[in-house]
Amino acid sequence: MKPIRRQRLILIILMVLGIGTAVGFALKSFNENLMYFFSTTDVLAGKAPKDTLFRLGGMVVKGSVDRPGDGLTVHFTLTDFSKEVAVEYTGILPDLFREGQGIVANGKLDGRGVFVAEEVLAKHDENYMPPEVKASLKKQVEGKQAD
Amino acid sequence: MSLIPDPVGRFFHRMASPPYFYAFTEKLMPWLTGIFLILLAGGLYGGLYLAPTDYQQGDSYRIIYIHVPSAWMSLFIYMVMAAAGAIGLVWRIKLAEIVAISSASVGASFTFIALVTGSLWGKPMWGTWWVWDARLTSELILLFLYLGVIGLYNAIDDKRTASKAVAILALVGVVNIPIIHYSVEWWNTLHQGPTVTKMDKPSIHVSMLVPLLLMAAAFKFYYVIAMLQRARLELLQRERTANWVKKMVTEQSQ
């Protein structure tokens, strides 16, 4: 390689590495702001903002969905498999909302420590399979638990 | 040069010559088109007809066969564009510059398709058209990077100067590529984590994965076809005063 070309190549590599480092530091310092939602553990640890809207994400606890009355109000509990937060929501839930499903809710905590949601979004996971495969997987898991 | 075998080196050397590139890509085109159509037909038939419905999302998940290959292409084409730009900067090869700028509009289109299909998928599944999470936002920035590259190229009259400016902009934007890819792992997002492009086994059933990979391959061929067509036109415009173009035109008009 001719010296002038080598020099240009080294300059380009240095430029890309420099920008990468700068952006890396910037993203690291804004890490908290780049999170789309708070986990239930974060909320109970007091990391979530008080008196303003924030997003809470977690899995809907099995058997926790409760509809008092015949309105659109629904109560359920979210978990990150370590801490749980109770949620109250009035409105239409997305189709994917079900027990055991990951969801992200936007709202704020009230005085009782209940998260009052204004919006509920469903978060689907990265698994894709036919219903039959899911059914047989479920059977295997249940079989193991029975052992 | 000892790293590259001689025939490969000679091939690239010849491809850097405009008349050879023009003639060679003309001969290549029917083959590329044929392979593209076969892969596309196989992928669409497999994805829309043979693949089973998803246990959670039913038939709605089938938009994955457009959304995911487009999103992959948006990242892949950007890498090609930046690499070609860097080659143009270092070795001053005209054809590398042309490949870089011809990739930009194809990449921008794929990015746009990925964003639109993602939005159409998001409404029924998540319950919203758009959220400002890390994945969606970084992909939107990628679209702006592509548009910036196209705009900058057209703003400068001297195309060799324009190519240098564009290559530097493209290289600056390369930092966004790993951010898009890892956004779903570094931060919590509404967008799902990686299904196929991860170290572990893909979390998609093989009957759904095969059509997805066929579509991804078809999109790669589509990109090569679209990029080469643009590159050939750009080459003719840049070389309009060169002897080989004059000769070709007079021969064809006879």
Side-chain angles (χ1 to χ4, degrees), chain A residues 1-2 4-13 15-24 27-28 30-39 42 55 57 80 91-98 101-104 106 119-135 137-138, chain B residues 1 51-58 60-61 64 82 85-87 89-92 121-128 131-138 167-168 171-176 178-179 183-184 186-196 198 200 202-209 212:
Chain A
M1 204 184 276
K2 285 182 191 153
I4 179 83
R5 288 177 182 168
R6 179 183 310 234
Q7 212 173 10
R8 286 201 291 247
L9 186 62
I10 291 169
L11 263 174
I12 289 173
I13 292 169
M15 180 186 83
V16 171
L17 286 180
I19 294 164
T21 321
V23 171
L27 289 180
K28 205 160 165 44
F30 285 116
N31 202 28
E32 295 283 300
N33 307 55
L34 290 167
M35 294 293 177
Y36 187 65
F37 54 82
F38 290 92
S39 70
D42 288 343
R55 279 178 294 259
D80 61 354
I92 295 162
L93 291 163
D95 287 351
L96 272 186
F97 180 91
R98 59 192 74 159
Q101 180 75 38
I103 67 138
V104 177
N106 192 16
E119 187 188 28
V120 170
L121 302 177
K123 179 176 156 74
H124 65 80
D125 60 15
E126 69 276 18
N127 297 309
Y128 294 87
M129 58 186 125
E132 310 88 69
V133 176
K134 177 68 184 174
L137 273 180
K138 214 173 158 188
Chain B
M1 285 305 268
T53 53
D54 180 54
Y55 79 106
Q56 239 185 3
Q57 305 188 33
S60 318
Y61 90 97
I64 199 174
I87 292 170
L89 277 182
V90 175
W91 283 276
R92 302 283 146 92
W121 196 0
K123 185 61 191 170
M125 287 305 136
W126 296 340
T128 178
V131 292
W132 292 101
D133 79 352
R135 170 57 71 83
L136 276 66
T137 310
S138 55
I168 290 169
L171 283 162
V172 169
V174 162
V175 69
N176 195 26
I179 294 176
S183 56
V184 288
W186 290 343
W187 304 292
N188 49 36
T189 53
L190 188 61
H191 194 282
Q192 63 158 85
T195 293
V196 181
K198 56 180 186 181
D200 214 1
S203 359
I204 178 168
H205 194 262
V206 68
S207 57
M208 300 165 163
L209 177 64
L212 183 62

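Here is the naming used below: chain letters follow the sequence lines, and residue numbers restart at 1 for every chain. Predicted, not measured: the structure shown is a model, and the values here were computed from it. These numbers come from the heavy atoms of this one structure, side chains and all, not from hydrogens, waters or symmetry mates.
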Tell me, for [X] versus chain A, whether the close heavy atoms (under 4.5 Å) come from the side chain, the backbone, both or neither.
| X | answer |
| --- | --- |
| B:V175 | side chain |
| B:I179 | side chain |
| B:M208 | side chain |

Do [X] and [Y] touch side chain to side chain, with heavy atoms closer than 4.5 Å?
| X | Y | result |
| --- | --- | --- |
| B:Q57 | A:D95 | no |
| B:H205 | A:V133 | yes |
| A:R8 | B:W91 | no |
| B:T53 | A:P131 | yes |
| A:M15 | B:I168 | yes |

Nearest-0.5 Å distance that lies between atom CG in B:D133 and atom CE in A:M35: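 Interatomic distance, B:D133 CG to A:M35 CE, rounded to 0.5 Å: 12.0 Å.
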Rounded distance [0.5 Å steps], NE2 in A:H124 versus CD in B:Q192: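 Rounded to the nearest 0.5 Å, the NE2-CD separation comes to 5.0 Å.
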Who among [options] has the most heavy-atom pairs with chain B under 4.5 Å?
| options | value |
| --- | --- |
| A:V104, A:I19, A:I4 | A:I19 |
| A:K123, A:Q7, A:E132 | A:K123 |
| A:V23, A:L9, A:L34, A:L11 | A:L34 |
| A:A22, A:G18, A:A122, A:S39 | A:A122 |

Flag if over 12 foreign heavy atoms under 6.0 Å of CZ, A:R5: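 Counting other residues, nucleotides and ligands, CZ of A:R5 exceeds 12 neighbours.
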Side chain, backbone, both or neither: which part of [X] has a non-hydrogen atom closer than 4.5 Å to chain B?
| X | value |
| --- | --- |
| A:P94 | side chain |
| A:I12 | side chain |
| A:M129 | both |

A:N31 and B:W187 side chains, donor-acceptor separation under 3.5 Å: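 B:W187 vs A:N31: donor-acceptor pair found between side chains.
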A:Y36 versus B:V131, closest heavy-atom pair with distance: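 Looking at all heavy atoms of both residues, the closest pair is OH-CG1, 3.0 Å.
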Heavy-atom closest pair, residues A:E126 and B:P194: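 So the minimum-distance heavy-atom pair works out to CG-O, 3.6 Å.
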Non-neighbouring partners of B:A167 that pass side chain to side chain contact (heavy atoms under 4.5 Å, CB included), sequence neighbours left out: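 For B:A167 the side chain to side chain contact (heavy atoms under 4.5 Å, CB included) partners, ignoring immediate neighbours, are B:L89.
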Side chain to side chain contact (heavy atoms under 4.5 Å, CB included) against A:R98, all qualifying residues, sequence neighbours excluded: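 For A:R98, the residues satisfying side chain to side chain contact (heavy atoms under 4.5 Å, CB included) (neighbours in sequence not counted) are A:L96, A:Q101, B:Q56.
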Check: B:D54 side chain, A:Y128 main-chain N or O, donor-acceptor pair, under 3.5 Å: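 No: the side chain of B:D54 does not pair with the backbone of A:Y128.
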Selection from B:T137, B:L190, B:T195, B:V206 maximising heavy-atom pairs under 4.5 Å formed with chain A: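 Option with the top pair count is B:L190.
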